[in-house]
Amino acid sequence: MSEERSLNFLEEIIEDDIRNGKNGGRVLTRFPPEPNGYLHIGHAKSICLNFGIAAKYNGKTNLRFDDTNPTTEDVEYVDSIKKDIQWLGFVWDKELYSSDYFAQLYDFAVELIKHGLAYVEDGSAEEIAFAKGTPTEPGKPTPSRSRSAEENLQLFKEMKEGKYPDGARVLRAKIDLASPNMHLRDPLMYRIKHAYHHRTGDQWCIYPMYDFAHGQSDSIEEITHSICTLEFVPHRPLYEWFIQKLNNFPSKQYEFARLNMNYTVMSKRKLLQLVNENYVSGWDDPRMPTISGLRRRGYTPLSIRNFSERIGIARRENLIDLSLLEFCIREDLNKNAWRRMVVLDPLKLIISNYPEGQTELMEGENNPEMEKGDGFRNIPFSSELWIERDDFMEEPSKKYFRLGPGLMVRLKHAYIVRCDSFVKDASGNVSEVHCTYIPESRSGTDSSGIHVKGTIHWVSAQAAQKAEIRLYDRLFRVEDPGSEDGDFKDYINPDSLTVISKAFIEPDLLNAESGRAYQFIRKGYFSLDSDSKPGKPVFNRTVTLKDTWAKESQK
RNA sequence: UGCCCGAUAGUAUAAUGGUAGUACGACUGUUUUUGGUGCAGUUUGUCUAGGUUCGAAUCCUGGUCGGGCAACCA
């Protein structure tokens, strides 16, 4: 794809490793989601990184569900995650689950206990936290810490056998209660949870914690490069401690900065709130930064992969401009979307010298960016048309290239018309624009010699069909809702969704296919929503076209 | 204020001791039957103070600023 691009720091590490013959030049990464929510664009960055880097170096990528917390996880999420990864265009090598390793992880824990490197703790969560000290004060051992290996073995077995209620005991690694790194102050390895697990059912009542399970799962799979986000940097010494003490395969952890994007939120917790409290219609609401939301909105896998490539990989905090994502989707859709004409805010245009009741079929290319226009469709033309309300101005400004008294425009794929007069309704709004057309100016066979600056889209009033159009804007009013005072939900953009219940669409659009992108000429890119019914299409606006006139007209 | 991570145009990201470049954005111009696209161009940057060096964005030291860490979450 981008042979010229310089290497990011992870690629440099990998090329170094390959050069040094580390792991025999083998590269195996993994994408390790916890199935407790839907994937978002930040995960897409990680997916593209993990799968992309493996592919680049002839390696493979495992999909491993980090399912060690039965109370938050569900198969619904497993299914959606798999669907999203496939949709993005990636193929994993093995589909694995941390829960597949529960027996092996238990054995590892037993081994650590035998070596005096882990112990069963009797204290409550509060007592443990208190005894851990603070970042500036060392922790103190709890009474449980000095227990013998034999006793620990027995107690751990009993924990597993369900002899104790939730919270009664935990297993801790015996490391260093005075470590300046809080994660090394005898971290928890196992807790008791009498909970049904979506894969192991009621087989287990003790579940391993992330720090223990994740690294050993990497090790079991012989992952060579375990790539995660920056908040795990302080966990790395612990990651290495477990692997070293157990003498397991030396997977290495590397960290990069997670994606942040302005005007949205990216944490699962916040996204879950938006869903649960009905600020959005669901995980796949087109305003959500989830993969499923972007998909429904009309984003393409390619655009998201290109975006991931363009934002780069580094270790510094970042806040990516939404405009880059929009650039990426426009770039793709401009090349591939079929052009159609749709009037969102209609105004009647009457051509006084065109025979009433006559219909003419105009030819419109599907896509001017493609060879031979990617085919054509017919567009009925008649004496009464709908045009966009803002394509007429009663008192046009100097730089306004559209319709106004005495002004001429081209009707896209049809004739040039001149505005002769207009009619206002009782409340003073323009209700009709009256024009005359230039018969010899028909598109393709124009011999009029007239050059006009503006071209506008239109739909025949007689042949027009109706559709619901949903316009989306940024979900939040502020760049970084999470960093504002108070609740992030206070900053939701009240105009993030505008529904146009009756827009006029050209008849061919009744054949719109879901999964195909359409450019409504001069209005933006749209795709068919899953709420559509036969004869009652619903379109989502994926993104607007760049609009330099909107800026100009505001000056 | 214990430990850790980071700081290059508005936003990202390169330059790996030797000419600070690229993309997005913004702004010009040009092309155009989409005020879209394309094309051409302009604009703006190495957090700070020292040090090492012929030469520092890069190495060292201090400072400043930002982020992370004390869940029976991952």
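Letters go in sequence order (proteins before strands), and every chain restarts at 1.
- Nearer the 5' end of RNA chain B, as judged by each residue's closest nucleotide, is the contact made by A/His413, out of A/Thr134 and A/His413.
- Applying a 4.0 Å cut-off to non-hydrogen atoms, the residues of residues 136-144 of chain A that approach RNA chain B are A/Thr136, listed by residue number.
- Side chains of A/Asn318 and A/Arg258: a donor-acceptor N/O pair is absent below 3.5 angstrom, by distance only.
- Checked against B/rG68, B/rA12, B/rU33, the side chain of A/Ile311 finds its nearest nucleotide in B/rA12.
- In terms of modelled atom types and a separation under 3.5 Å, the side chain of A/Ser303 and the main chain of A/Ile329 share no donor-acceptor contact.
- In the set B/rC69, B/rG6, B/rG36, B/rG6 carries the atom at the smallest distance from any side-chain atom of A/Arg316.
- The existence of a salt bridge linking A/Arg410 and A/Asp446 is confirmed by a sub-4.0 Å separation between a basic side-chain nitrogen and an acidic carboxylate oxygen.
- Nucleic acid contact class of A/Gly37 (heavy atoms, under 4.0 Å, all strands): none.
- Between A/Lys546 and the phosphate of B/rU34, there is no side-chain N or O to OP1/OP2 separation shorter than 4.0 Å.
- Of the P atoms belonging to B/rC39 and B/rA74, the separation is 50 Å, rounded to the nearest Å.
- Between A/Phe307 and A/Tyr299, the distance from one ring center to the other does not fall under 6.0 angstrom.
- Ranking B/rA26, B/rU13, B/rU34 by closeness to the A/Lys551 side chain, first place goes to B/rA26.
- Residue A/Leu545 is in base contact, counting any heavy-atom pair closer than 4.0 Å across all strands shown.
- Regarding contacts with the backbone of B/rG6, a side-chain N or O of A/Arg315 is found under 4.0 angstrom from either OP1 or OP2.
- Between A/Glu34 and A/Glu317, it is A/Glu317 whose nearest contact on RNA chain B lies nearer the 5' terminus.
- Side-chain atoms of A/Asn69 lie closest to B/rC73 of the nucleotides B/rC72, B/rU34, B/rC73.
- At B/rC73, one or more side-chain N or O atoms of A/Arg191 fall inside 4.0 Å of OP1 or OP2 (strictly under the cut-off).
- Checking B/rC73, B/rG25, B/rA12 against every side-chain atom of A/Met209, the shortest atom distance belongs to B/rC73.
- A salt bridge links A/Arg377 with A/Glu506: the closest approach of a Lys/Arg side-chain nitrogen to an acidic carboxylate oxygen falls below 4.0 angstrom.
- For the pair A/Arg199 and A/Tyr97, the cation sits on the ring face: its NZ or CZ lies under 6.0 Å from the ring centre, inside 45° of the axis.
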